[in-house]
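Everything numeric in this text was worked out from a predicted model, so none of it was measured. These values consider heavy atoms only, across backbone and side chains, with no hydrogens, waters or symmetry-generated copies.
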Amino acid sequence: MHVNYDPQISYECVQCGRGCFNRWDIQVEPAVVEALRGHPLELRVIQDRGAAFRQSDGQSVINKTPDHPRCGFLKEDLLCSIHSELGYAAKPLTCQQYPYVFVQTPDREIHASAVYSCTAVREEIGPLLKESHESIEDLIRRGARVHRLDGNIEILPPFEASWPEVQAFERELNRKFGQMSITTAFEE
């Protein structure tokens, strides 16, 4: 597997719990739901919320509601109770993947980056992504979500470009970066 790593992104979890407060659904694999079924961790969430998981588009997700907008497995100290009691590998793959983002281009290469909604990424805490390549590539092998670019790529709405056009633009931009300031290169 060939993975290109964003050279400007650093990440090491600071255990802020921010990803557990986001609005999106946190998907949970059937094996994780089954492993937690009847476990004291699930029973505590059920007692607090009525259910630990719910169905959304045929997929199990963490049960979050307007009254309970954060993950029910997040403890008051903002640490994941699944992680602290059962270990990292017991968490849903979505949780293990956050804040990483993987994109596969039409040439089949995978590009790894991370989202700035993560405190550690935004504050540039930790090693560069490339230094974490073993754990990142393990996530991809185990089925982490990889966004696949097919067809044209939206540059700015409504402008689209083909993958070869995007690559040619990047080559030209990188060539100009070697000759002039970034601002001037973008202006040209």
Side-chain angles (χ1 to χ4, degrees), residues 3 5-104 110-148:
V3 179
Y5 294 90
D6 188 324
Q8 300 172 0
I9 299 287
S10 298
Y11 170 68
E12 182 172 59
C13 185
V14 294
Q15 300 177 345
C16 67
R18 187 175 190 91
C20 309
F21 281 88
N22 287 313
R23 291 185 210 131
W24 56 75
D25 282 340
I26 300 170
Q27 296 181 349
V28 184
E29 303 80 50
V32 173
V33 173
E34 189 57 37
L36 289 169
R37 190 178 318 277
H39 190 281
L41 291 174
E42 182 197 35
L43 297 176
R44 181 187 56 78
V45 175
I46 290 171
Q47 183 178 6
D48 291 347
R49 300 175 177 221
F53 307 103
R54 63 178 172 75
Q55 292 293 305
S56 176
D57 296 326
Q59 173 83 33
S60 292
V61 297
I62 297 290
N63 184 31
K64 295 190 296 181
T65 66
D67 292 337
H68 300 286
R70 66 184 206 172
C71 175
F73 293 98
L74 187 66
K75 300 186 301 185
E76 290 303 317
D77 62 4
L78 300 181
L79 297 178
C80 174
S81 60
I82 298 171
H83 188 144
S84 61
E85 292 193 32
L86 302 175
Y88 172 81
K91 297 189 321 185
L93 192 57
T94 300
C95 302
Q96 293 177 43
Q97 183 173 343
Y98 184 83
Y100 300 124
V101 176
F102 307 122
V103 177
Q104 186 175 46
I110 295 175
H111 298 264
S113 191
V115 296
Y116 284 96
S117 63
C118 171
T119 302
V121 172
R122 195 174 50 259
E123 295 180 10
E124 300 177 353
I125 297 171
L128 292 173
L129 290 187
K130 177 80 173 158
E131 296 176 42
S132 302
H133 69 92
E134 289 177 5
S135 60
I136 289 172
E137 290 171 23
D138 179 60
L139 272 171
I140 295 168
R141 275 191 290 276
R142 290 188 295 115
R145 185 173 191 188
V146 177
H147 302 275
R148 287 172 175 73

Rounded to the nearest 0.5 Å, how far does [atom2] of [Y] lie from [atom1] of [X]?
| X | Y | atom1 | atom2 | answer |
| --- | --- | --- | --- | --- |
| Arg18 | Tyr98 | CZ | OH | 7.0 Å |
| Arg70 | Cys20 | CZ | SG | 8.5 Å |
| Lys64 | Asp25 | NZ | CG | 6.5 Å |
| Thr119 | Tyr11 | OG1 | OH | 10.0 Å |
| Gln97 | Lys91 | CD | NZ | 12.0 Å |
| Ile26 | Ser56 | CD1 | OG | 12.5 Å |

Ignoring hydrogens and angles, write down the donor-acceptor pairs under 3.5 Å from the side chains of residues 129-140, residues two or more places apart or on other chains.
residue : atom : partner : partner atom : Å
Ser135  : OG   : Ser132  : O            : 3.1
Glu137  : OE2  : Tyr5    : OH           : 2.6
Asp138  : OD2  : Arg142  : NE           : 2.9

Run Val3 and Phe102 through side chain to side chain contact (heavy atoms under 4.5 Å, CB included) and show every step you take.
CA-CA 9 Å; Val3 179; Phe102 307 122; 5.8 Å; no
Decide if atom CG of Asp77 counts as having more than 12 heavy atoms of other residues, nucleotides or ligands within a radius under 6.0 Å.
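Buried by this count: over 12 neighbours within 6.0 Å.
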Counting only heavy atoms not in Glu124 (residues, nucleotides, ligands), do more than 12 fall under 6.0 Å from its CD?
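Counting neighbours around CD of Glu124, 12 or fewer heavy atoms of other residues, nucleotides or ligands fall under 6.0 Å, so no.
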Go through the steps to decide whether Asp6 and His111 satisfy the test side chain to side chain contact (heavy atoms under 4.5 Å, CB included), and finish with yes or no.
CA-CA 7 Å; Asp6 188 324; His111 298 264; over 6 Å; no
Write out all pairs satisfying salt bridge (Lys or Arg N to Asp or Glu O under 4.0 Å) with one or both partners inside residues 38-53, taking only residues at least two apart or from two chains.
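Every pair satisfying salt bridge (Lys or Arg N to Asp or Glu O under 4.0 Å) with a residue in residues 38-53: Arg44-Asp48.
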At their closest point, which heavy atom of Ile9 faces which heavy atom of Ser113, and how far apart are they?
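Reported closest heavy-atom pair: CG1-OG, 3.8 Å.
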Check: Ser60/Gln55 side-chain N/O donor and acceptor closer than 3.5 Å
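Distance-only check passes for Ser60 and Gln55.
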Please determine whether side chain to side chain contact (heavy atoms under 4.5 Å, CB included) holds for the pair Val115 and Val121, giving the CA-CA distance in whole Å, both sets of side-chain angles, and the decisive distance to 0.1 Å.
CA-CA 7 Å; Val115 296; Val121 172; over 6 Å; no
For Leu86 and Leu41, what are the C-alpha separation, side-chain angles and deciding distance, and is it a side chain to side chain contact (heavy atoms under 4.5 Å, CB included)?
CA-CA 10 Å; Leu86 302 175; Leu41 291 174; 4.0 Å; yes
Using 4.0 Å as the upper bound for N to carboxylate O, is an ion pair formed by Arg145 and Glu29?
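No, Glu29 and Arg145 are not salt-bridged.
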